[in-house]
Amino acid sequence: MPADELTLELAQHEIRERLHWFELDRRDFLKLCGGGLLVTLAGRSAAGQEAGGGFRQHELPKELSAWVHISEDGKVTVFTGKVEVGQNIRTSLAQQVAEELRVPFGDITMVMGDTDLTPWDMGTFGSRTTPTMGPQLRNMAVAARETLIEAAAQQWKTDPKALIAADGKVNDPATSRSLTYGDITRGQKLTQTVSGDPPLTPASDWKIAGTAVPKADGHDFVTGKHQYPSDIARPGMLFGKVLRPTGFNATLVSADTGEAEKTPGVQVVRDGDLIGVVAPDAWSAERAISSIQAKWNVPSQISNQDLFEYLRSHPDTEQRHGSGEPPDGEEVKSAMERADVKLEQHYTVQYIAHAPLEPRAAVAEWADGRLTVWTGTQRPFGVRDELAAAFRIPETQVRVIMPDMGSGYGGKHTGECAIEAARLAKAAGKPVKVVWTREEEFTWAYFRPAGWIEIRSGAKRDGSLVAWEHHNYNSGPAAIDTPYNVEHRVTQFHPTQSPLRQGSYRGLAATANHFAREVQMDELAHALGMDPLDFRLKNLADERLRAVFEKAADGFGWGRRKASPGRGFGIAGGMDKGGRIATCVEVEVDPANKKVRLRRVVQAWESGAIVNPDGLQNQITGAIVQAIGGALFESIDFKGGRILNAHFAEYRVPRFSDIPEVEVILIDRKDLPSAGAGETGLVGLAPAISNAIFAATGTRLRDMPMAAGAEFTS
Amino acid sequence: MGDFVLNVNGADLHVRAAGEEKLLFVLRDRLHMTGTKYGCGEAQCGACTVLTDGIATRSCQARIDSCSGKKITTIEGLERNGALSGVQRAFLDEGAFQCGYCTSGMILSATQLLREHPHPSDEQIVAYMDGNICRCGTYPRIVAAIKRASQSTAKEGGNHAG
């Protein structure tokens, strides 16, 4: 990804603060590792060095940062600042290390997202783990393997080129002797510093990577043993609750904490703008916080009804403008004039919530001025910096530990809950746990941005596109550029002020921009009297995208059945973050009540060489399921600074009864580098559904969610 | 505050709590059995599902003073002598989870579903499981896991599923 695109991506992920030096004193940690082989990174390695920086204000790690350690018993420990949130990178990264190091998968332990133990990392988002951390760790593993071969050659006084590493051993084929990695490292302290990019094993030769290794620690998930952030407990720990305002941007008028103070065991904490309680048990804390009589002044604020008018009339002049060339109005205008078929439409997406099943949770503990926080976040180093800033202490005095969490979907980049727990713990002088309620998570986290998108397009009678103009207000610039051939085009992101706190979401604006673009493409195809698939292929040069369209269409049987009243078929696709997607759907619409049923989805996906086909299948299926919500019914309802549907009873998410027949077709391109697959799997569904509903009913839906009751239901 | 005896996974556990406290928080915070999860506190997501006297129960709604004398089964109680229950095994074999946070509740609900309907139809699975949310969207695999468990249960002539 070019640096300017990465900058944009980061801006979308709310990372605007200065990025920091990797300053931790890791000498204790290195001592901990004891003997064996430690592989570290020096200088800039070309492949995947995003994690180490060299970008914007972030500098390369100045100190030794260890990535791979092989102990004297041959066990391998891998250190990465990336985190596991259900996307299965604990497994897929370990597979890649096992592959390059030539050890069994089971010999690898991944240490992830612990700011004291792992090298600095920007965060786990943007589908960056597979394309950046994958090659990074593979480099380290190759260096380790070469070092072990070298050491064995020295012991045997032979040529290292004649030796082969396999199954955790170095073998000498000439003499049939072998040494395990533990034999080689025993009694030694080897350090190998990597500076170049050693040759990686091509995907066509993979034996462990590229296979369906089951999810690491699967047994712990089916037995309830896995400890999520909200499960962490510390000796002497208290339970904390924080008083919430009755609306956004509220100011406190008064608070009577008398009743709470009388509750046995409860301590009321007033610390600046924070009012909270701590208690020896969660029940007492809950009772105490709800006994506080507070008056708040909530200013008048806009509601859903005024949202899109607001977005279009409140440009954010402080934010940098997004992607795309400066508007070349004249050329596009004259190209549009020459078009035989012209269209102009707008599309909208509402705010939606991530609603991870595990809400924000944190346990904070102070000891000798040093703060340790266990919390669920996609950015442990970012949260460490937030904590350091909040308490005005050096980052070296803060440790954030991220146990594999109950997911995030882009919704857990921030450290609110960690800061609350740390403030309460400081006041109480004991460790404190804070777990947000579902209502708090729905209200005080942040939302996927709402957006208003305008597209103007023109095509010739033969179906070739000649002009394209795409304007996105607020929702974001991700995947705003059309993959279709159009000579004259303008794509522009217009940042606006946002009435609600907004931030990252799985796929960012790629969902909204694909929705608008792929619905408009369908509208053009119908205006031209062309088959929607043929129209796309006519204007598409990218061979990989063509391939997924053809695979999806073939698997679905596109064109074999014609739409009939109440039954329609739709197709859509696109590319982002190195992944290619095409989605075919079948919908039924009851003519009596306009109830939409999604019956069948066939989605083709290609993201280069597949690291774990089972994990990938799971991700892509999950993306389709999650996308059903945003496409058909998810929407945040707000008024007067309040969220009106902050509960699962009112905010509908996809359930078993919403799930159609799903078929995922994976294309394994072993000749291409592996791209991330956590996000882009969402983007095809909504436009395909809109196109299918049009085919079934003749009604064109351009607003997400499409079937939340305004006209269509689901 | 009162003293209660809860029969959890076959063991009588003594706990001091307020009678109105919910079973979920007593299990998690007082008995340190964290396999049962909080997802919403409103019986809308199923993450906290346990079995009480063989009924799939949202533990976030069950007052502790109504649980005395009942046999409570949590996710921690399904494994016997190191062997996973048929449903646990099937979830593992199908890879029917991503982040895994809903998995305890899914497995308990599925365990009870299979007791009531040893060979459930697709419609019965959807109807029974619809109160359990998986935000990662692994529903198709969970359905496959339930079917797999129902087949293995048949083969073994019924097992200790729960």
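Every chain is numbered from 1, with letters handed out A, B, ... down the list of sequences.
Interface residue Ile133(B): backbone and side-chain heavy atoms are both found under 4.5 Å from chain A. When heavy atoms are compared at a cutoff of 4.5 Å, Gln626(A) approaches chain B solely by way of its side chain, counted from C-beta outward. Heavy-atom distances place the side chain of Arg30(B), and not its backbone, under 4.5 Å from chain A. For a residue to count as touching a neighbouring chain, one of its non-hydrogen atoms must lie under 4.5 Å from one of that chain's; by this rule Met405(A) touches chain B with the backbone only. If you measure heavy-atom distances from Gln619(A) to chain B, the contacts under 4.5 Å come from both the backbone and the side chain. Within the 4.5 angstrom heavy-atom criterion, only side-chain atoms of Met106(B), from C-beta onward, approach chain A. Proximity to chain B is limited to the side chain of Gln227(A), based on heavy atoms less than 4.5 angstrom apart. Both the backbone and the side chain of Glu21(B) come within contact range of chain A, judged by heavy atoms closer than 4.5 Å.
Per-residue heavy-atom pair counts under 4.5 Å with chain A were compared for Ala17(B), Ala18(B), Cys134(B), Ala127(B), and the maximum is reached by Ala18(B). Of the listed residues (Asp614(A), Val662(A), Asp658(A)), the one with the most heavy-atom contacts under 4.5 Å to chain B is Asp614(A). Interface remark: of the candidates Ser104(B), Gly41(B), Pro140(B), Pro140(B) forms the most heavy-atom pairs closer than 4.5 Å to chain A. Contact tally against chain B (heavy-atom pairs below 4.5 Å) for His647(A), Glu358(A), Met237(A), Gln87(A): the top residue is Glu358(A). Contact count against chain B (heavy-atom pairs under 4.5 Å) is highest for Pro654(A) among Ala623(A), Gly629(A), Pro654(A). Between chain B and the residues Val85(A), Thr621(A), Val222(A), Val625(A), the most heavy-atom pairs under 4.5 angstrom are made by Val222(A). Ranked by heavy-atom pairs under 4.5 Å with chain A, the list Leu92(B), Asp130(B), Val126(B) is led by Asp130(B). Contact tally against chain B (heavy-atom pairs below 4.5 Å) for Glu84(A), Glu286(A), His354(A): the top residue is His354(A). Ranking Ala282(A), Pro359(A), Gly408(A), Pro214(A) against chain B, the residue ahead of the rest is Pro359(A), based on heavy-atom pairs under 4.5 Å.
Looking only at side-chain heavy atoms (C-beta outward), Leu357(A) and Lys37(B) stay at 4.5 Å or farther from each other. The side-chain heavy atoms of Tyr38(B) and Thr437(A), taken from C-beta on, include a pair separated by under 4.5 Å. Residues Trp283(A) and Val26(B) have side chains not in contact (no heavy-atom distance under 4.5 Å, counting atoms from C-beta outward).
Closest heavy-atom contact between Gly95(B) and Asn618(A): O-ND2, 3.4 Å. Residues Asp281(A) and Met1(B) come closest through the heavy atom pair OD1-CE, 4.2 Å. Shown here for Cys99(B) and Tyr228(A), the closest heavy-atom pair between the two residues is O-OH, 2.7 Å. Residues Asn132(B) and Phe656(A) come closest through the heavy atom pair O-CE1, 3.7 Å. The minimum heavy-atom distance between Gly39(B) and Phe648(A), with the atom names listed, is O-CE1, 4.0 Å. Nearest heavy-atom pair across Gly406(A) and Tyr101(B) is CA-CB, 3.8 Å.
Side chains of Asn88(A) and Gln98(B): a donor-acceptor N/O pair is absent below 3.5 angstrom, by distance only. Checked by atom type, the side-chain pair Thr223(A)/Glu76(B) shows no donor-acceptor distance below 3.5 Å.
Interatomic distance, Ile628(A) CD1 to Tyr139(B) OH, rounded to the nearest 0.5 Å: 9.5 Å. Between Cys60(B) atom SG and Arg438(A) atom CZ the span is 11.5 Å, to the nearest 0.5 Å. In this structure, Cys40(B) SG and Phe442(A) CZ are separated by 9.5 Å, a value rounded to the nearest 0.5 Å. The CG atom of Asp122(B) lies 13.0 Å from the CD1 atom of Ile659(A); values are rounded to the nearest 0.5 Å. The distance from atom CD of Gln44(B) to atom CD of Glu650(A), rounded to the nearest 0.5 Å, is 8.0 Å.
The existence of a salt bridge linking Lys225(A) and Glu79(B) is confirmed by a sub-4.0 Å separation between a basic side-chain nitrogen and an acidic carboxylate oxygen. A salt bridge links Arg135(B) with Glu634(A): the closest approach of a Lys/Arg side-chain nitrogen to an acidic carboxylate oxygen falls below 4.0 angstrom.
The backbone N or O of Cys136(B) lies less than 3.5 Å from a partner atom in the side chain of Tyr409(A), making a donor-acceptor pair.
In this structure, Lys215(A) places its NZ atom where more than 12 heavy-atom neighbours from other residues, nucleotides or ligands lie under 6.0 Å away.
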